[in-house]
Every structure is written in structure tokens, then in C-alpha cells.
Amino acid sequence: MDKFRMLFQHFQSSSESVMNGICLLLAAVTVKLYSSFDFNCPCLARYNALYGLGLLLTPPLALFLCGLLANRQSVVMVEEWRRPSGHRRKDPGIIRYMCSSVLQRALAAPLVWILLALLDGKCFVCAFSSSVDPEKFLDFANMTPSQVQLFLAKVPCKEDELVRDSPARKAVSRYLRCLSQAIGWSVTLLLIILAFLARCLRPFFDQTVFLQRRYWSNYVDLEQKLFDETCCEHARDFAHRCVLHFFASMQNELQARGLRRHPAGGSPEPCTVPEPPEDLDSGSGKAHLRAISSREQVDRLLSTWYSSKPPLDLAGSLGLWGGGLSHRAPALALGTRLSQHTDV
């Protein structure tokens, strides 16, 4: 159980591990989808190429989009590219690094589908059976051009009466299947060579820039996660304080109207309005609510975060950003107290 908890915490804290796991999962799903797919070529001259190329390229496009949607860094990359500079400059190198990382993971599943389709050969035979040069085969010498085109369109359908047990059909199908497998193995070899070169030549380049790009790309992702978590925590604390002030004002109103009495039916209770617990203001990590007493202030803080993020200088930005949403930062205006009636 402890090992499972450690593994879960590792995946939860490491976006790269999560994305690699999703990438492998999409690749496995791709293999399962292709193996369970029932391929049926229309065997019509006008639609063979459309159907074959559609099955060869459309599922990879859908898998590529799924990979982009499943990768959290794709959204973080776009937000980092579109955000205003503000107090923090934007580094194009970080955006390029994140884009490269996102594309590498998103292209894994589409490449698996394309390679499987090429090595299997059915889509290729269906797409290009009508484009074969008849002069390469002696069996078409006694056919008219229209008969040749009809025959070639029926090549993927081996059960059709026109091409059943025909040596010409077997020759064309074998030729296209071999060509498809040759292209598939060539693409596979090219990808392996590129990966080998990238791994072998990487130590010869400057590692400092790579480490910086990787560090700051992880920082942007983790900063956004922590900001979302802190916003949720701050919203919970702010809602808690608003509810306490609401019930405090309601008790005051009931007491003013004389509607609140003792449980035993005696005279009205003295006019006492309970104050919110002191631990909301100090000593319990919720002192960040001291300087925030209205919706406008929260909206202004959120707008400031988006339009001008704090500079990456803790010593220089401590006084300017100390009263933000984070409960870890020291609070502003230590003598300020939240107003009795909070504007929500």
C-alpha cells in the first residue's frame, strides 16, 4: 500500500510521468482499435482512394487531437504564449520547449496507427489499386482500358466474381502490399535513426540551456496548479467568512425585532452578535483574508495575476505581492479587520 501511495504521489507531482503514461495508453488503445477494426473496401473506382486514404489519415488526426486535449501542457503553453508580459517577461525558448514536448507525445499514437496500417497493407491496397500501371503486368494485355480500370477497382475485394481466383488480382495485391510494407518499414527505420541520433548527439550540445528550458517549463505548469489550488482554498475561506457574517447580521436583525427568545420561553436574549472566530484572522493560516473584504478586491487580484504576473524575484516582489491569494505569503495591513457586512 505504501508503494502504491508513493507511486501515485509521483505521478501526481510529475506532469511528465502522467503525460508519458497517457501517451502509452493512447498507443495501446490504437493497437487495440486497429486490430478490432473491420476493413471493407468499397471496390469502386471513385471511392477506393477516398476510403483508403481516409482510414489511413483520419484516425491519426483524431488521435493527435486527443493527445493534445489529454496533455495539460498544451493549454499551459497557449496561456503562456498569449498572456501579457506585465512584470514578468516571456521567454520564447520555454514556449518552443513546451511545444516540442507536447508534439512528441501527441504524435506517438498517430504514428502507431499509420505504421500498423502500412505494415498491414489493406488501406494502401484499397487506396492505390486503381492507380497501378497496367503495363507492369502481362495479364492485362488482352483487356480494354475500361475493363482494366474495373478490374483494378475490384482488386481489394478478393471474393468478387470478377477477380476471384485471378492471378492478376493476386499479383497486383501482392505488389501493393509489398510496397506498403516497404514504406512502413522505411518510416519505422527513419524514426529509430532520428531517435538514435537525438539521443547520441544530445550530450554534444549545451546542456545548460536545455536544463533551464526544462526547469522553467515545469515551473510554469506547477505554478498554474498551485494557483488553482490556492484559489480554491481562498474561495472556501472567503465563503466561510461571508457565511459567518451573514448569520451574525441575521442574529442581530432577529434580536432587534424581538423574535429570538430563550429556549424555555423567557424574555428575549441580550443583543449579542457573535464575532467570527479569531483563528480566521490570525494563527491558523487564514490571515490572507484580512486585506480582502469584497468581491471587487478579489476580482482585482485575479485580474492583476493575469495581466501582470509577479516577477521571479522573491526578494524584490515580497512587499508588492505579499497580500495576494496565497496563504503562504504574509498578509497586508496587519491592523485591518474584515468589515461586519461583506459585499458578495
Residues 200-211 side chain polar contacts: donor-acceptor under 3.5 Å, at least two apart:
from, atom 1, to, atom 2, distance (Å)
Asp206, OD1, Thr208, N, 3.1
Asp206, OD1, Thr208, OG1, 3.3
Gln207, NE2, Arg202, O, 2.7
Gln207, NE2, Phe205, O, 3.4

Is there a donor-acceptor pair under 3.5 Å between the side chain of [X] and the backbone N or O of [Y]?
X: Asn218; Y: Arg214; answer: yes
X: Ser100; Y: Tyr97; answer: no
X: Lys90; Y: Trp81; answer: yes
X: Ser180; Y: Leu118; answer: yes
X: Ser129; Y: Leu152; answer: yes
X: Gln224; Y: Asp221; answer: no

Pairs where residues 161-190 contributes a residue and the test disulfide bond (SG atoms under 2.5 Å apart) is met, not counting sequence neighbours: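 Residue pairs with at least one partner in residues 161-190: there are none.
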Tell me which pairs pass disulfide bond (SG atoms under 2.5 Å apart) where either residue lies in residues 94-152, with sequence neighbours left out.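 Those involving residues 94-152 are Cys41-Cys126.
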What pairs with [X] under salt bridge (charged side-chain N to carboxylate O under 4.0 Å, His left out), at least two apart in sequence or on another chain?
X: Arg177; value: none
X: Glu79; value: none
X: Arg169; value: none
X: Arg88; value: Glu223

Please list all pairs passing the salt bridge (Lys or Arg N to Asp or Glu O under 4.0 Å) test where one or both residues lie in residues 140-155, with sequence neighbours left out.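 Sorted pair list: Lys154-Asp160.
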For [X] versus [Y], what's the shortest heavy-atom pair and its separation?
X: Gln73; Y: Ser217; value: NE2-O, 4.5 Å
X: Val163; Y: Lys158; value: CG2-CA, 4.5 Å
X: Ile94; Y: Arg213; value: N-CD, 3.6 Å
X: Leu68; Y: Val102; value: CD2-CG1, 3.4 Å
X: Ser130; Y: Ala45; value: OG-CA, 4.1 Å

Under 6.0 Å from the CZ atom of Arg164, do we count more than 12 heavy atoms belonging to anything else shown?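 Buried by this count: over 12 neighbours within 6.0 Å.
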Considering residues, nucleotides and ligands other than Tyr47, do more than 12 of their heavy atoms fall under 6.0 Å from its OH?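 Count not over threshold, so no.
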Any link between [X] and [Y] through a network of hydrophobic side chains (Ile, Leu, Val, Met, Phe, Trp, Tyr) touching at under 4.5 Å?
X: Ile114; Y: Phe39; result: no
X: Leu150; Y: Met143; result: yes
X: Leu116; Y: Leu26; result: no
X: Val76; Y: Tyr219; result: yes

Tell me, which pairs form a side chain to side chain donor-acceptor pair (under 3.5 Å) where one or both residues lie in residues 22-36, sequence neighbours left out?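 Non-adjacent pairs meeting side chain to side chain donor-acceptor pair (under 3.5 Å): Tyr34-Asp120.
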Under 3.5 Å, side-chain donor or acceptor atoms of residues 50-66 against the rest of the protein: list the pairs with distances, not counting sequence neighbours.
from, atom 1, to, atom 2, distance (Å)
Tyr51, OH, Asn40, O, 3.2
Thr58, OG1, Gly54, O, 2.9

Without placing hydrogens or testing angles, list every side-chain donor-acceptor pair under 3.5 Å for residues 181-199, not counting sequence neighbours.
from, atom 1, to, atom 2, distance (Å)
Gln181, NE2, Leu119, O, 3.3
Ser186, OG, Ala182, O, 2.7
Thr188, OG1, Gly184, O, 2.9

Are Arg295 and Asp299 within salt-bridge range, i.e. N to O under 4.0 Å?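 Between Asp299 and Arg295 there is a salt bridge, with a charged N closer than 4.0 Å to a carboxylate O.
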Is there a side-chain contact (heavy atoms from CB on, under 4.5 Å) between Phe128 and Leu179? Walk through the geometry before answering. CA-CA 11 Å; Phe128 297 100; Leu179 184 60; over 6 Å; no
Set of residues satisfying disulfide bond (SG atoms under 2.5 Å apart) with respect to Cys43, sequence neighbours excluded: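 For Cys43, the residues satisfying disulfide bond (SG atoms under 2.5 Å apart) (neighbours in sequence not counted) are Cys157.
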